**Student:** 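Have a look at this one.
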Protein chains: 2
Amino acid sequence: MSLKYAILGFLDLFPLSGYDLTKMFDDSIMFYWPATHSQIYRTLKELHKSELVTREIIEQSENPDKKVYSITEKGKETLKEWVSAPLDLPTLRHGLLVQLAFASRLEDLQIIALLEAFAEKLRERLALYHSDELKEQLSYSRTKRESFLWGLILENGIQTYECELRWAEAAIQDLEKQVWKTED
Amino acid sequence: MSLKYAILGFLDLFPLSGYDLTKMFDDSIMFYWPATHSQIYRTLKELHKSELVTREIIEQSENPDKKVYSITEKGKETLKEWVSAPLDLPTLRHGLLVQLAFASRLEDLQIIALLEAFAEKLRERLALYHSDELKEQLSYSRTKRESFLWGLILENGIQTYECELRWAEAAIQDLEKQVWKTED
DNA sequence: GGACCCATGTAAATAGTTACATGATTGC
DNA sequence: GCAATCATGTAACTATTTACATGGGTCC
């Protein structure tokens, strides 16, 4: 489970509240671990119990009180350990490919429509990756080396989605040409 | 949730027991929806309750009795509906990228080791995709069109993993050259 | 008055993994 | 004797999503 460590990682940059973290998870386009606020609040509670973070309650006059969490030494060690141990390949659960596996009952046009919808969503996602919003996020890095690392992540996303898009476009073309009729 | 539909899809090919299904999920390399037997048995029970499948108990003398499930008309309709409605883009949970996001505390060599381990696993996975085992699985298709569709799925897997591998190899090279020191 | 931001959480449902449990047969 | 294949399932736990719940402040 990476969520625990993802939170520790953010807290290693600077102290944050559950609300702040939720926004970071939501807004960070290149961040590969979606999480909702309910999950984050629960995980923060666990992290606090196992003493990987400390909590400070900040009273605010204008806004509701906030609980700001900071990483502890123990937390930093735990994070560093996790970061340096290789993980298994991510499990791919790719709904469209499941659909395709059982799509022989559909018309060519319906399959093309599926692939078109997929391609369109990929194009939108790629547009996000090329937006200014993302460049802005990259600028939060503190060193050249860190911004290089974040660039790697960004690059991975772009290449992954471009690769999927090329595949989808080629598949659509093949379907339009009905290549399986001419293949030997 | 695609598991329900993935099971319906297999049962649309031919009647199968929970045990058979488990093997198909486990063995099918290009199948993008991992599932364990406990999940499959549970889901079969639900599918039976909602009358999308029927169940027949086959007594066997040599082996334990088996329960063979068949798809119903209602099941076929449900499957067809699901197969033709576009899904959202799959959520990516990519542990290595989370590690990379917080790896600024690691030495270059440690980051390279992470990427190397990743690349090595990708090479193994790709070897599977190029193995005879997989070609055998493709041969179960019933029509040229179906084998074309399965080929698309296979192609997607190969391209995805090759794309990741190229990315990892380039990243390793950049780290070795310490490019961020020379970038402007 | 309504929507949106701030800020916290819990509850319930669904999905997925891992471990526990049983028992016959076949092959080394 | 031991591992593997056949065949079923439950239990417990972990992870994730969606819905429920509250309440002040700001902006239009």
Side-chain angles (χ1 to χ4, degrees), chain A residues 1-8 10-11 15-27 31-50 53 55-69 82 87-95 98, chain B residues 1-8 10 15-27 31-50 52-53 55-69 82 87-95 98:
Chain A
M1 208 263 283
S2 307
L3 178 60
K4 198 173 138 184
Y5 304 101
I7 290 178
L8 283 178
F10 277 122
L11 295 180
L16 291 161
S17 68
Y19 185 80
D20 298 332
L21 278 164
T22 306
K23 273 199 301 176
M24 305 206 89
F25 275 86
D26 285 352
D27 297 350
F31 200 72
Y32 287 86
W33 210 274
T36 56
H37 78 278
S38 53
Q39 232 183 318
I40 290 167
Y41 283 115
R42 210 161 7 94
T43 308
L44 279 171
K45 210 195 270 178
E46 284 162 33
L47 287 172
H48 189 235
K49 210 194 291 173
S50 42
V53 301
R55 181 209 321 235
E56 196 193 349
I57 293 164
I58 313 260
E59 280 169 49
Q60 296 182 119
S61 48
E62 305 272 295
N63 285 317
D65 295 356
K66 51 156 79 181
K67 294 176 184 170
V68 173
Y69 294 86
W82 179 77
L87 302 169
D88 286 338
L89 288 186
T91 10
L92 301 177
R93 285 181 211 271
H94 198 318
V98 178
Chain B
M1 206 265 283
S2 305
L3 178 61
K4 198 173 139 183
Y5 304 101
I7 290 178
L8 282 178
F10 277 123
L16 291 162
S17 69
Y19 184 79
D20 298 332
L21 279 163
T22 305
K23 273 199 302 176
M24 304 205 91
F25 276 85
D26 285 351
D27 297 349
F31 199 72
Y32 286 87
W33 210 274
T36 56
H37 78 278
S38 53
Q39 233 184 317
I40 289 168
Y41 283 115
R42 221 180 334 120
T43 308
L44 280 172
K45 210 197 267 179
E46 285 161 31
L47 287 172
H48 189 234
K49 210 194 290 176
S50 42
L52 303 175
V53 301
R55 179 209 321 235
E56 197 194 350
I57 293 164
I58 311 260
E59 281 171 49
Q60 296 179 119
S61 47
E62 304 274 296
N63 286 319
D65 295 355
K66 52 156 78 180
K67 293 177 185 169
V68 173
Y69 293 86
W82 178 80
L87 302 169
D88 287 337
L89 288 186
T91 12
L92 301 178
R93 283 181 212 271
H94 200 316
V98 178

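Remember, predicted model here, so these are calculated numbers, not experimental data. Just so it is clear: chains get the letters A, B, ... in the order the sequence lines come, proteins before strands, and each one is counted from 1.
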**Student:** As an exercise, state the distance from CG of L92(B) to CG of L92(A), rounded to the nearest 0.5 Å.
**Tutor:**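 So the CG of L92(B) and the CG of L92(A) are separated by 8.5 Å.
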**Student:** With rounding to the nearest 0.5 Å, note down the distance linking CG in L52(B) to CD in E46(B).
**Tutor:**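 The distance works out to 10.5 Å.
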**Student:** Quick one: list whatever passes ring-ring contact (aromatic ring centres under 6.0 Å, His included) with Y19(A), sequence neighbours left out.
**Tutor:**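 Listed in chain order: nothing, the list is empty.
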**Student:** CZ/R93(A) to OH/Y32(B) distance, rounded to the nearest 0.5 angstrom?
**Tutor:**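 Going from the CZ atom of R93(A) to the OH atom of Y32(B) covers 13.5 Å.
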**Student:** Let me know the distance between CD of E59(B) and P of dT8(D), rounded to the nearest Å.
**Tutor:**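 Distance, rounded to whole Å: 13 Å.
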**Student:** Using whole Å, what does the distance between atom C1' of nucleotide dT8(D) and atom CD1 of I57(B) come to?
**Tutor:**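 So the two atoms are 11 Å apart, to the nearest Å.
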**Student:** A quick test of your reading: do over 12 heavy atoms of other residues, nucleotides or ligands sit less than 6.0 Å from CD of E59(B)?
**Tutor:**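 Count not over threshold, so no.
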**Student:** DNA chain D: H37(A) or S2(A), which has the more 5' nearest nucleotide?
**Tutor:**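 With H37(A) and S2(A) compared, the 5'-side residue is S2(A).
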**Student:** In Å, rounded to the nearest 0.5 Å, how long is the span from CG of L16(B) to CG of L21(B)?
**Tutor:**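 If I round to the nearest 0.5 Å, the distance is 5.0 Å.
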**Student:** Rounded to the nearest 0.5 Å, how far does OH of Y69(B) lie from CD of E56(B)?
**Tutor:**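 Result: 12.0 Å between the selected atoms.
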**Student:** Within this structure, what is the CD-to-P distance between E46(A) and dT16(D), rounded to whole angstrom?
**Tutor:**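 Those two atoms, CD and P, are 11 Å apart.
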**Student:** The test is ring pair (Phe, Tyr, Trp, His ring centres under 6.0 Å); show your working for F10(B) and F31(B) and say whether it passes.
**Tutor:** CA-CA 11 Å; F10(B) 277 123; F31(B) 199 72; 5.1 Å; yes
**Student:** Once you apply a heavy-atom cut-off of 4.0 Å, does K45(B) come out as touching a base, just sugar-phosphate, or nothing?
**Tutor:**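 Counting heavy atoms under 4.0 Å across all strands, the contact made by K45(B) is with sugar-phosphate only.
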**Student:** Would you grab the first and last nucleotide of DNA chain C (5' to 3') that comes under 4.0 Å of any non-hydrogen atom in chain B?
**Tutor:**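 Footprint of chain B along DNA chain C, 5' to 3': dA15(C) to dT26(C).
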**Student:** Base, sugar-phosphate, or nothing: which does S38(A) touch, judged by heavy atoms less than 4.0 Å apart?
**Tutor:**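 The answer is base, as S38(A) lies within the cut-off (heavy atoms under 4.0 Å) of a base atom.
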**Student:** How many whole angstroms separate atom CG of L3(A) from atom P of dT16(D)?
**Tutor:**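 The answer, rounded to whole Å, is 6 Å.
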**Student:** NZ/K67(B) to CG/D20(B) distance, rounded to the nearest 0.5 angstrom?
**Tutor:**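 Reported to 0.5 Å precision, the distance equals 14.0 Å.
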**Student:** Just the table, please: protein N/O against nucleotides 4-6 of chain D N/O, every pair under 3.5 Å.
**Tutor:**
from	atom 1	to	atom 2	distance (Å)
dC6(D)	OP2	Y19(B)	OH	2.6
dC6(D)	O5'	Y19(B)	OH	3.4

**Student:** Measure the distance from CG on L47(A) to P on dT14(D) and round it to the nearest whole Å.
**Tutor:**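 It works out to 14 Å between those atoms.
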**Student:** To the nearest Å, give me how far apart OH (Y41(B)) and C1' (dA11(D)) are.
**Tutor:**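 About 16 Å, once rounded to whole Å.
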